[in-house]
Amino acid sequence: MDKQTLHPQNINQAALIIEAGMLCAFPTETVYGLGADATNDDAVLSIYQTKSRPSFNPLIVHCLDIKMAKTLVEFSPLAKTLAQFWPGPLTLVLPMKKNTQISDIVSAGLDTLAVRIPANQTAHELLKAVGKPLAAPSANPSGQLSPTNAQMVKDSFNNRVPVLDGGSCSDGLESTILAINNNEIIQLRAGALAREIIEKTIGKKIALANEKSEISAPGMLKSHYAPKANLRLNVIKPKPDEAYLAFGQTPDALTPDFSGKIKNLSPKGDLKQAAKNLFSYLNQLDDGEVKTISVAPIPNTGLGEAINDRLKRASAPR
Ligand code: TXA
Ligand code: MG
């Protein structure tokens, strides 16, 4: 029996691990998180060590509900409007309250805190069992692909981290991160909640963070989410020695001389399905032998914005 795998019926065991100041990976609707008690300095520190994460890169704090979130951050009227998307794949960067119990290391010295209320049932039950906010970055070594199932977590940390196995993540991409500056909403990271949907629901435009923005997510590095193989984007005809990550109908022209591995993110061209499959398919194509994975063009609308963001970083020079 694999002792590092915990099943949702053993939530209390996962909670005990976290209460004891150790790490436990858990599922969310976006990706698996590497969880620790956000009020325990040593536990939070070991997140950074385990991931080899740079200390300037703050963590997201996961809350059970709005009541818990309100003990940590200030909600302006606009923040309250955005909180209607909770529980769900949205992270809000808000002014941190003074004298919270949150470890200083979580926010990496910033006076804001990134908070989110996950919708995943297992995550919800874990938060309830621990009764405290959980700091959790994606459960991958810094810079690598984010895990969307328990096996990916185990493989990437060589079975050194206990994992609460809640199956495959329903969304498959990290949360959308928004910050508020005066009365403006700024998207710091495109993610599993499409910007278009937020804009339509609240009737307000969202600005995009760029290099010159006052606020940014310190973790949005140019090279990130990277498989071992190189990535070539917007490819309609992959070369014979490449693997191919397709989307929509694969052109007939592809097949004659191409015998490499193919995975199709969504044969019917559905961006939600493509988002869900992105990291696990990249991981499957990245078998250690293939040198280049070429990727079909993905439309840049809706969830395509976040998918293309991840692909661009994954293909950036390392
Ligand atoms: O879906 C998700 O958000 C997953 C699951 C586990 O919740 N978590 C996740 O965490 O993607 P991580 O650590 O991989 O990415 C967090 C991002 C980083 O880019 C970090 O710089 C940014 O959030 N961030 C955290 N706190 C921030 C703050 N106070 N201000 C600006 N950016 C912040
Ligand atoms: Mg990450």
Side-chain angles (χ1 to χ4, degrees), residues 23-36 38 44 47-48 50-63 72-74 85-97 100 102-120 122-124 126-127 133-148 152-153 156 163-164 166 169-181 186-193 209 213-226 275-276 278-279 306 309-310 313-314:
L23 306 184
C24 184
F26 64 95
T28 81
E29 65 276 30
T30 59
V31 300
Y32 272 71
L34 184 60
V44 174
I47 291 182
Y48 284 88
T50 305
K51 275 184 66 93
S52 307
R53 183 179 177 102
S55 59
F56 61 78
N57 190 6
L59 304 173
I60 296 175
V61 171
H62 299 65
C63 294
L72 307 179
V73 288
E74 306 282 357
F85 294 99
W86 283 341
L90 173 69
T91 295
L92 297 178
V93 171
L94 299 172
M96 196 174 2
K97 286 194 166 163
T100 71
I102 299 292
S103 164
D104 289 337
I105 316 166
V106 169
S107 57
L110 299 173
D111 50 14
T112 53
L113 192 67
V115 288
R116 109 171 176 86
I117 300 176
N120 176 283
T122 306
H124 181 83
L126 179 65
L127 280 159
L134 295 181
S138 49
N140 52 296
S142 197
Q144 296 183 17
L145 284 174
S146 299
T148 54
M152 284 174 80
V153 180
S156 67
V163 186
L164 185 55
C169 301
S170 60
D171 295 0
L173 281 180
E174 294 84 352
S175 60
T176 302
I177 306 183
L178 301 178
I180 299 171
N181 193 17
I186 304 154
Q187 179 170 273
L188 304 186
R189 178 175 76 184
L193 182 62
S213 304
E214 224 172 285
I215 309 177
S216 66
M220 294 308 280
L221 307 175
K222 281 206 172 72
S223 167
H224 202 151
Y225 313 104
K276 181 178 190 314
L278 179 69
F279 289 135
D309 169 84
R310 302 303 185 272
R313 289 175 209 280

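Start at 1 and go down the list; that is how both ligands and their atoms are numbered. Here the structure is a predicted model, which is why all the values come from computation and not from measurement.
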Check your understanding: Do ligand 1 and Tyr32 have nitrogen or oxygen atoms that lie under 3.5 Å from each other?
Key -> no

Check your understanding: Nearest heavy atom to atom 31 (C) of ligand 1: which of Ala192, Ser216, Ala114, Pro58 does it belong to?
Key -> Ser216

Review point. How far does CD1 of Ile180 sit from CD1 of Ile186, to the nearest 0.5 angstrom?
Key: 9.0 Å

Check your understanding: Tell me, which protein residue and heavy-atom name are nearest atom 11 (O) of ligand 1, and how many Å apart are they?
Key -> Arg189 NH1, 3.0 Å

Practice item. Please indicate whether any nitrogen or oxygen in Lys51 is less than 3.5 Å from any nitrogen or oxygen in ligand 1. Key: no

**Study point:** Spatial distance of atom CD (Gln144) from atom OH (Tyr225) [nearest 0.5 Å]
**Key:** 13.5 Å

Check your understanding: Which atoms from ligand 1 have a heavy atom of Ser175 less than 4.0 Å away?
Key -> 1 (O), 2 (C), 3 (O)

Review point. Taking N or O atoms only and a 3.5 Å limit, does Asn57 qualify as a polar contact for ligand 1?
Key: yes

**Study point:** For atom 6 (C) of ligand 1, the protein heavy atom that lies nearest, with its residue and separation
**Key:** Gly33 CA, 3.6 Å

Revision key, fill the gap. Per-atom filter on ligand 1: closer than 4.0 angstrom to a heavy atom of Leu110 are 28 (C), 29 (N), 30 (N)

Review point. Distance only, no hydrogens: is a donor on one side chain within 3.5 Å (strictly under) of an acceptor on the other, for Ser138 and Glu174?
Key: no

**Study point:** Under 3.5 Å donor-acceptor, Lys51 side chain and Asn140 backbone
**Key:** yes

Check your understanding: Can a salt bridge be assigned to the pair Arg116 and Glu29 using a cut-off of 4.0 Å between side-chain N and carboxylate O?
Key -> yes

Point to revise | Those atoms of ligand 1 less than 4.0 Å from some heavy atom in Thr112 | key: 28 (C), 29 (N), 30 (N)

Exercise for review: Tell me whether Ser138 has at least one N, O or S atom under 2.8 Å from the Mg ion (ligand 2).
Suggested key: yes

Review point. Considering only the protein, which heavy-atom contact is closest to atom 19 (O) of ligand 1, and what is its distance?
Key: Gly219 CA, 3.3 Å

Practice item. Look at atom 7 (O) of ligand 1 and say which protein heavy atom is nearest, naming residue and atom and giving the distance to 0.1 Å. Key: His62 NE2, 2.6 Å

Review point. Considering only the protein, which heavy-atom contact is closest to atom 22 (C) of ligand 1, and what is its distance?
Key: Ala217 CB, 3.8 Å

**Study point:** Euclidean distance, Leu188 CG relative to Leu178 CG, rounded to 0.5 Å
**Key:** 7.5 Å

Check your understanding: Looking at atom 30 (N) of ligand 1, what's its closest protein heavy atom, distance included?
Key -> Val93 CG1, 3.5 Å

**Study point:** Arg53 side-chain N/O to Asn57 backbone N/O, donor-acceptor pair under 3.5 Å
**Key:** yes

Point to revise | Proximal ligand 1 atoms for Leu188, defined as those under 4.0 Å from one of its heavy atoms | key: 31 (C)

Point to revise | Spacing of OG1 belonging to Thr122 relative to CG belonging to Leu127, to within rounding of 0.5 Å | key: 11.0 Å

Point to revise | Nearest-0.5 Å distance, SG of residue Cys169 to CG of residue Asn120 | key: 7.0 Å

Review point. Is it true that Ser107 lies under 4.0 Å from ligand 1, counting heavy atoms only?
Key: no

Practice item. May I ask you to check whether Pro137 has an N/O atom sitting below 3.5 Å from an N/O atom of ligand 1? Key: no

Exercise for review: Indicate yes or no for a side-chain donor-acceptor contact from Thr176 to the backbone of Leu193 under 3.5 Å, with no hydrogens or angles considered.
Suggested key: yes

Check your understanding: Would you find a donor on one side and an acceptor on the other, under 3.5 Å apart, between the side chain of His224 and the backbone of Arg313?
Key -> no

Check your understanding: Looking at atom 4 (C) of ligand 1, what's its closest protein heavy atom, distance included?
Key -> Val31 CG2, 3.8 Å

Review point. Going by distance only, is there an N or O of Thr28 that falls short of 3.5 Å from an N or O of ligand 1?
Key: no

Study note, to complete from the structure: If you compare Val61, Leu173, Ile177 by their heavy atoms, the one closest to atom 17 (C) of ligand 1 turns out to be Ile177

Check your understanding: Near Ser138, which atoms of ligand 1 are under 4.0 Å from a heavy atom of that residue?
Key -> 8 (N), 9 (C), 10 (O), 12 (P), 14 (O)

Exercise for review: Specify the protein heavy atom at minimum distance from atom 16 (C) of ligand 1: its residue, its atom name, and the distance to 0.1 Å.
Suggested key: Ile60 CD1, 3.6 Å

Exercise for review: Enter the distance from Phe26:CZ to Tyr32:OH here, rounded to the nearest 0.5 Å.
Suggested key: 11.0 Å

Exercise for review: Indicate yes or no: at least one non-hydrogen side-chain atom of Leu94 is less than 4.5 angstrom from one of Leu113.
Suggested key: no

Check your understanding: How close do Pro118 and Pro87 get, heavy atom to heavy atom, and via which atoms?
Key -> O-CB, 3.5 Å

Check your understanding: With backbone taken as N, CA, C and O and side chain as the heavy atoms from C-beta onward, which portion of Arg53 lies under 4.0 Å from ligand 1: side chain, backbone, both, or neither?
Key -> side chain

